Amino acid sequence: MKCITYVSKVVARKNGAVIPIGLSDIFSAARKKNAELEITGLLSYRAGYYIQILEGDSDAVDQLFSKIKSDPRHQNISVLFDFKITQRSFPNWSMKLVGSVNKDQNFLQFMSQSSEKIWSLDNTQKQLLEVFYGLDNTSPASIQTYQGKHLMLFAWPDFRQISQSPTVIELCAQLTKKPYPYESLLESRRFGTQQQLDKILKKFETLEILNVMDSLKQSPQANQIGSSTRFYSKMRTFLGLR
Amino acid sequence: MDYRKLAIVGEVGAGKTMMVSTLSEISPIKTEAKSSIDIGKEYTTVGIDYGRISLSEDTALGLYGVPGQERYSFLWEIVNNNLWGLLIMIKFGGTPDYENLEKLLSFFAPKDNETTCVIAITHCESADEQDLEALSLEVQLMLQSHQIVAPILNVDPRDRDSAITVLHILNAINNQT
Ligand SMILES: Nc1nc2c(ncn2[C@@H]2O[C@H](COP(=O)(O)OP(=O)(O)OP(=O)(O)O)[C@@H](O)[C@H]2O)c(=O)[nH]1
Ligand SMILES: Cc1cc2nc3c(=O)[nH]c(=O)nc-3n(C[C@H](O)[C@H](O)[C@H](O)COP(=O)(O)O)c2cc1C
Ligand SMILES: [Mg+2]
């Protein structure tokens with residue numbers, strides 16, 4: 001068996017935006033096809049790049065990889081690792097799609113087993129790998145507190161990864177449009193105790209959807225009370241929420 | 001009269017007409033016509049689906065289902081003011097038409113206009129969970145590239161509870177200014 005790991009670039013769109021168009025198609029095709037070929041591995045996207053790990057029978061992996069290389073949905077394919085293996089790192093996944101590889105246990109284990117190979121990568125390869133995975137472990141484990149910070153979401157969570165509870169929805173709603181001071185979240189008591197609130201916020205951080213900002217140049221405007229609030233409470237009544 | 005609008009846009013067959021009829025208290029003014037070309041179903045909307053929810057004597061939410069294709073952008077113009085929310089419906093199965101979605105987003109510009117935006121993925125009740133997750137991720141990354149912060153929900157427009165959840169979330173976001 002062998003294992004190939006590569007990084008590739010997603011083609012930018014006419015308007016300059018880079019989005020992994022076709023990711024869901026690629027993923028669903030890959031799972032079917034790889035199951036037939038007994039190929040396993042991982043696929044992830046970040047900041048304009050794909051990373052993929054393919055493992056399985058050497059010929060099967062080589063054949064699939066040469067097909068993937070000519071896929072127009074990505075370009076600049078750069079192989080990081082290509083080596084023989086006796087054991088799979090993703091045995092249960094015909095293709096594992098992960099949002100952020102540096103939070104994925106299988107990937108972290110794969111990397112720690114490859115530490116020697118990482119050092120023999122050239123600088124370009126290292127830079128590509130660093131899009132996904134921090135190579136310097138110098139940054140201290142952050143025991144972060146949110147005290148004095150402003151919070152906002154980069155994105156809403158996928159409700160398969162966190163429960164779609166009223167509290168989570170309210171909190172997401174609060175952090176959707178403007179940065180909001182942590183202290184105000186706490187004081188409002190709408191999100192439980194500090195411990196409960198912190199737990200949800202930490203979860204948002206693991207999902208990489210929470211923007212924690214130091215300070216704001218302008219303080220957020222106070223709630224405009226008026227027609228919006230009236231509409232809001234009438235809508236709540238309609239929705240049967242008291 | 002406090003009157004707001006919810007614009008419901010999306011591709012052919014995404015469930016806009018169904019969404020409006022499920023939520024509306026009046027029987028919606030439908031403009032369905034037999035499709036002259038094969039789009040995989042018999043009827044398609046050739047105008048706006050209009051519905052309405054009265055919240056009190058002088059407060060109401062208007063529901064406007066409008067086609068998502070750019071050639072109907074004259075209909076987008078009609079609904080694009082005093083928006084309470086923008087609901088973008090995407091049908092599960094196959095890669096969405098991002099070119100068109102981006103045109104929609106640049107027209108409605110939910111970020112610049114601070115319009116509350118929700119994405120509904122429909123036709124997903126029997127979809128494979130992992131495929132659905134992959135589609136949500138792909139759509140999420142598209143939103144992020146436009147700096148739009150919006151929930152992506154699985155919605156069945158035929159189901160009242162499911163449709164109501166969308167209103168609930170739009171309302172929750174709107175209350176935070
Ligand atoms: N199974 C399933 N059927 C759905 C769902 N949403 C809508 N439908 C059905 O799909 C068909 C198309 O829905 P419409 O509401 O007509 O779609 P539309 O967006 O108005 O389509 P156009 O007017 O052609 O643009 C209808 O028969 C709906 O009942 C869903 O989530 N699951
Ligand atoms: C980043 C990326 C990763 C891919 N990974 C796989 C994969 O693991 N398995 C697979 O069968 N196809 C994968 N593909 C898709 C293949 O390039 C090809 O489209 C697919 O195998 C279907 O080929 P076919 O139409 O000749 O059967 C990937 C494509 C891209 C862009
Ligand atoms: Mg319709």
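These figures come from a predicted structure and were not determined experimentally. Order of the sequence lines sets the chain letters (A, B, ...), proteins ahead of strands, with each chain counted from 1.
Proximity of a side-chain donor or acceptor of B:Asn175 to a complementary backbone N or O of A:Tyr232 within less than 3.5 Å is not detected. Using a distance-only test at 3.5 Å, with no hydrogens or angles considered, no donor-acceptor pair links the side chain of A:Gln174 to the main chain of B:Ile173.
At a 4.5 Å heavy-atom cutoff, the contact between A:Leu97 and chain B is made by side-chain atoms alone. Only the side chain of A:Phe159 comes within contact range of chain B, with heavy atoms under 4.5 Å apart.
A:Gly22 and B:Glu138 get closest at one heavy-atom pair: N-OE2, 3.3 Å. Heavy-atom minimum distance, B:Val149 versus A:Leu153: CG2-O, 3.4 Å. Contact record, B:Arg4 with A:Phe231: CG-CE1, 3.1 Å, taken as the closest heavy-atom pair. Here the closest heavy-atom approach between residue B:Glu133 and residue A:Gln161 is recorded as OE2-NE2, 3.0 Å. The nearest pair of heavy atoms linking A:Phe238 to B:Arg160 is CZ-NH2, 3.9 Å. The minimum heavy-atom distance between B:Gln144 and A:Phe154, with the atom names listed, is CG-O, 3.8 Å.
When the heavy atoms of residues 86-105 of chain B are compared with those of chain A, the residues falling under 4.5 Å are B:Gly94, B:Thr95, B:Tyr98, B:Glu99, B:Glu102, listed by number. By a heavy-atom distance cut of under 4.5 Å, B:Thr115, B:Thr116, B:Asp128 are the residues of residues 115-128 of chain B near chain A, going up by number. Heavy-atom proximity under 4.5 angstrom to chain B picks out A:Leu23, A:Ser24, A:Asp25, A:Phe27, A:Ser28, A:Arg31 from residues 23-32 of chain A. Proximity to chain A at a heavy-atom threshold of 4.5 Å picks out B:Ala60, B:Leu61, B:Trp84 from residues 60-85 of chain B, in numerical order.
Between B:Ser56 atom OG and A:Arg230 atom CZ the span is 9.5 Å, to the nearest 0.5 Å.
Classification of A:Lys178 and B:Glu114 as a salt-bridged pair holds, one side-chain N sitting under 4.0 Å from a carboxylate O.
At most 12 heavy atoms of other shown residues, nucleotides or ligands fall within 6.0 angstrom of atom CD in B:Glu57.
For the set B:Asn154, B:Leu143, B:Asp131, the count of heavy-atom pairs under 4.5 angstrom toward chain A peaks at B:Asp131.
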